[in-house]
Amino acid sequence: MINFRYHVVSLTAVFLALAIGLVVGTAALNGPVSENLKERVTALNKDNNVMRDQLNQYKEELNSNQAFANEIAPFALTGKLATRKVAVVALPGGKDSAEGVVKMLNVAGATITARVTLEEKFIDPANANELLDLADQSSQPSIPAAGLPSNSDGVETASALLALTLLQGATVPSQGDVTAVLAALAKPGYIAVGDGAAGGAEAIVLIAGAPATDKDATKKIQNTVTVATQFSKNRPLVVAGTSAGDNNLVAEIRSDPTLVKLISTVDNASTVQGQLSTAMATHERLVLNKTGQYGLAAGATSLVPSAAP
């Protein structure tokens, strides 16, 4: 008769067998499995070290390229824009790149007549009516409203007003009128203006950031194209931006058969090389009256403009 003691002995035997099996199995597999795992870990560590070294090398090469662009800038630019007057306007997201572009324009000898930043509010479609009214009310005697578009597009009208204010037309707007227009747009937060802004620029360099991605992105992108279109109507324009985003401003201009003939573009303005190229493109557009597309993205014909004869 099977009793409780028999069950205890049976269970003990089963657990003892399992324990012996685990010990024997582990001992049998420990050698090859452990060695295989060690080899794989060692190989992964080597791969990781190689990739880290490659990344450091790429960083060093990028820094060297940036340093090279800075060092070669005086050789490539000195005197190219001497006595020339240029206004620099940054679109939303373009302010940081504008610093480097201004530096290169200064190396070329340009006089920066004005530095203006268009705030996000300027291209927001929700503000179109307010911006239109503000632009209509802000004209001055030497910047007459008669030169503005006769439509209901606030961004187009305000951009045209800015172009008339910053650029040299048949006459140069008076300093008081320039200050009044810029202050009228700056006070409600549509633009920000650097110290000493004046009119009379012979060309504008427009610095673009990455395109908008929110629910109003399509309209905002179109509004940046409108700004560029108005700035290019009467004087040379160079647009320097980024190739990020399929609908970035540079790509939009390059895909437009009319604008691409009027506006020079640079698609890597966030780099020192691109900022150098922007100054070279400004010289080509303003002094040589040539238009070109430069950088790394689709539509670029070369990295930089060819050397002037």
Side-chain angles (χ1 to χ4, degrees), residues 86-102 104-105 112-128 131 134-135 153-163 165-167 182 185-186 188-194 197 201 203-214 216-233 235-256 259-260 262-271 274-275 277-279 281-282 285 293 295 297:
V86 180
V88 177
V89 179
L91 287 164
K95 188 175 181 180
D96 289 342
S97 298
E99 296 294 330
V101 169
V102 168
M104 291 298 177
L105 291 172
I112 308 301
T113 57
R115 293 185 60 179
V116 177
T117 300
L118 303 190
E119 305 291 2
E120 187 76 23
K121 188 176 181 179
F122 192 98
I123 62 170
D124 190 335
N127 301 317
L131 186 57
L134 183 61
D153 188 327
V155 172
E156 183 176 28
T157 302
S159 299
L161 178 64
L162 268 177
T165 302
L166 298 176
L167 290 168
L182 296 179
L185 292 171
Y190 284 102
I191 66 173
V193 184
I204 288 178
V205 177
L206 181 63
I207 315 296
T213 57
D214 59 14
D216 294 319
T218 299
K219 184 58 179 174
K220 287 181 178 179
I221 292 167
Q222 183 53 51
N223 282 343
T224 63
V225 175
T226 297
V227 173
T229 301
Q230 289 303 310
F231 284 178
S232 69
K233 280 190 176 298
R235 285 288 178 177
L237 174 67
V238 175
V239 171
T242 173
S243 60
D246 293 337
N247 297 316
N248 63 78
L249 179 58
V250 170
E252 291 291 301
I253 290 170
R254 290 176 179 176
S255 64
D256 187 299
L259 294 180
V260 75
L262 298 173
I263 303 172
S264 292
T265 63
V266 177
D267 61 45
N268 58 339
S270 60
T271 67
Q275 293 155 11
S277 180
T278 300
T282 304
R285 185 71 189 90
Q293 318 305 322

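Values reported hereafter were calculated over all heavy atoms of this structure, with side chains retained and with hydrogens, waters and symmetry mates removed. None of the values given here were measured: they were computed from a predicted structure.
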If you take all heavy atoms of Ala90 and Ala98, which pair is closest and at what distance?
CB-CB, 4.3 Å
In Å, rounded to the nearest 0.5 Å, how long is the span from OG1 of Thr224 to CD1 of Ile253?
8.0 Å
Stepwise, does the side-chain contact (heavy atoms from CB on, under 4.5 Å) test hold for Tyr190 with Leu162?
CA-CA 12 Å; Tyr190 284 102; Leu162 268 177; over 6 Å; no
Between Leu262 and Leu237, is a side-chain contact (heavy atoms from CB on, under 4.5 Å) present by the stated rule, with each step listed?
CA-CA 8 Å; Leu262 298 173; Leu237 174 67; over 6 Å; no
Is any side-chain heavy atom of Val225 closer than 4.5 Å to a side-chain heavy atom of Leu249?
yes
Minimal heavy-atom distance between Ala212 and Ile221, with the atoms involved, is O-CD1, 4.0 Å
Taking all non-hydrogen atoms of both residues, which atom of Ala269 and which atom of Ala240 are closest, and how far apart?
CB-CB, 3.7 Å
Side chains of Val239 and Val250, heavy atoms from C-beta outward: is any pair under 4.5 Å?
yes
Side-chain heavy-atom pair Gln293, Val260 within 4.5 angstrom cut-off
yes
What distance do Thr278 atom OG1 and Asn268 atom CG have between them, rounded to the nearest 0.5 Å?
7.5 Å
Could you check whether any side-chain N or O of Ser159 sits under 3.5 Å from a backbone N or O of Glu156, counting only pairs where one atom can act as donor and the other as acceptor?
no
From CD1 (Ile123) to CG (Leu131), nearest 0.5 Å
11.5 Å
Thr229 and Ser232: which non-hydrogen atoms are nearest, and at how many Å?
O-OG, 2.9 Å
Candidates Thr218, Val155, Asp216 - the one meeting side chain to side chain contact (heavy atoms under 4.5 Å, CB included) with Pro125:
Asp216
State, with a plain yes or no, whether a side-chain heavy atom of Thr113 is found less than 4.5 Å away from one of Leu166.
no
Less than 3.5 Å apart, which donor and acceptor atoms pair up between the side chains of residues 114-121 and the rest of the protein, not counting sequence neighbours?
from   : atom 1 : to     : atom 2 : distance (Å)
Arg115 : NH2    : Glu99  : OE2    : 2.9
Glu120 : OE2    : Lys220 : NZ     : 3.0
Lys121 : NZ     : Pro188 : O      : 2.6

Rounded to the nearest 0.5 Å, what separates atom CD1 in Ile204 from atom CG in Leu167?
4.0 Å
Approximate separation, where rounding is to 0.5 Å, of Phe231 CZ and Ile263 CD1:
11.0 Å
For Leu91 and Ala208, work out which heavy atoms get closest and say how close.
CD1-CB, 4.0 Å
The test is side-chain contact (heavy atoms from CB on, under 4.5 Å); show your working for Leu105 and Val101 and say whether it passes.
CA-CA 6 Å; Leu105 291 172; Val101 169; 3.9 Å; yes
If you measure from CD on Gln275 to CD1 on Ile207, what distance do you get to the nearest 0.5 Å?
8.5 Å
Determine whether a donor-acceptor pair (N or O, by modelled atom type, separation under 3.5 Å) exists between the side chain of Asn248 and the backbone of Ala251.
yes
